[in-house]
Amino acid sequence: MTMIRQQDFIDSIEDALQFISYYHPLDYVKAVEKAYLKEESQAAKDAMAQILINSRMSAEGKRPLCQDTGIVTCFVKIGMAVQWDKTDMTVQEMVDEGTRRAYLNPDNPLRASIVADPAGARKNTKDNTPSVVHIDMVPGDKIEVMIAAKGGGSENKSKMVMLNPSDSIADWVEKTLPTMGAGWCPPGMLGIGIGGTAEKAAVLAKESLMDPVDIHELIERGPETTEEKLRVEIFNRVNALGIGAQGLGGLTTVVDIKIKSLPTHAASKPIAMIPNCAATRHAHFYLDGSGPAELKAPKLEDCPEVTWEVGENTRRVNLDELTKEDIQDWKMGETVLLSGKLLTGRDAAHKRIQTMLANGEGLPDGVDFTNRFIYYVGPVDAVGDEAVGPAGPTTATRMDKFTDLMLEETGLIGMVGKAERGAKTVESIAKNKAVYLMAVGGAAYLVSKAIKKARVVAFEDLGMEAIYEFEVEDMPVTVAVDSDGTNAHSAGPAIWKAKIAELDEALS
């Protein structure tokens, strides 16, 4: 029998969640560096440079890699010979207590994103609990814990299907991935669960994402099993799509494919696919009764030092002086450095604005969108002398249904967010001669360094979803949709899919 102290378990959960908030797994960093060095698409290369720079900055500053510090998912495998020193808390309660302490840590507070009553009031629980816990009883006298913090942008792109037994899994993945857009922040990984039942396939897919990045080692030695062969086939077919980093077009869309499978019913072939984003936060540890887990921090000398240079195709602008006429010559793919005052707002703020305008109340006091840009963001709380905590973009498509309203009734001329916009939104942007700018998802701490001042100007009760006014200096963004409606997230992948096909043909 092994005696496990309840406090050691709680402390280990707390420490692990703090650890993964600012340390990338080194295998992922090395995989992105490898992709960065071979990338030929300048837009994708710039995006990966920002991800790698952000990774190093977060490790050095011990601040979150991404402003969305995730929903906690924890796999706990408890040896049958384990005993607890106390029995007043369940495993779920212990994980939740560790989560609560981690997310409320005053030295590195993590954004609370969990809402109760999801079909109704959606009220924030304020401490990111409850977590999602999967418990298995296994042989042995130790406890194995795999814990992750999963961002909403990637989790929302999860897909599930019941294929016919004769259907091709690789065909389904290749067809489905382009429909997921870039809101999952590639380059990342795809976790694929095969078999079992519908709900078990999803759990298998999530658990597979806890495994290390090793696809290149697998390719080098040669795949042997059915799962290994499928991993390599899907890896090659997905990267041949040309989606690229942040969906801008390029050679690398995924750095690995992970698969777990179980036997299933003869009539069924359940498949779940869950992407992991550029934040890729997870940790793996054991408890053997000797105390809390000790997580080994990566050495900074093992992390790549990447610089991001301002290129020739870069435009510096003062947001405080812009008019709609000024943005008409901005072209898709340009890099823009934003300085001046930038308003923020995301789902809840847009919904409230919509209600206020429909009721004839007008905009809230102190908010004027005339000739202004809005940044879709829900930042982490500031610590020390920070103006704001990590403040990367959230997925822009969630604001698509409000875009006509904002462009036609408020005087707004531009938006900043993550990933693509829907086809109707692109039409609306062109119709209103506005622009949509893309900031890099997965570079939240880097972006926050461009924010020099921050204050709440409306809807303070919404917490991280309040409307802020940021004063920014040289905040890097890319023109994703220009005022003519030319769309980088359509043009980029199409160009690079064709280029990759040409390269493959030349090598064959």
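Under 4.0 Å is where a charged nitrogen must lie from a carboxylate oxygen, and between K206 and E155 at least one such pair does. The pair E233-K229 does not count as a salt bridge, with every side-chain nitrogen at least 4.0 angstrom from each carboxylate oxygen.
Here the shortest heavy-atom pairing between V29 and P304 reads CG1-CD, 3.3 Å.
Panel note: side chain K45, backbone Y36; a donor-acceptor pair is recorded below 3.5 Å. Judged by distance alone, with hydrogens and angles left aside, the side-chain atoms of Q246 form a donor-acceptor pair with the main-chain N or O of P186 at under 3.5 Å. For E228 (side chain) and E224 (main-chain N/O), a donor-acceptor pair under 3.5 Å exists by modelled atom type. Looking only at distances, no side-chain donor or acceptor of R63 sits under 3.5 Å from a matching main-chain atom of G389. In this structure, the side chain of S208 does not engage the main chain of K260 through any donor-acceptor pair within 3.5 Å. Looking only at distances, no side-chain donor or acceptor of E40 sits under 3.5 Å from a matching main-chain atom of L251.
Shown here are the salt bridge (Lys or Arg N to Asp or Glu O under 4.0 Å) partners of K331, two or more places apart in sequence or in another chain: D484. Among residues two or more places apart in sequence or in another chain, the salt bridge (Lys or Arg N to Asp or Glu O under 4.0 Å) test is passed with E427 by none.
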Applying salt bridge (Lys or Arg N to Asp or Glu O under 4.0 Å), run through K258 and D214 and close with a yes or a no. CA-CA 9 Å; K258 295 301 181 187; D214 63 357; 2.9 Å; yes

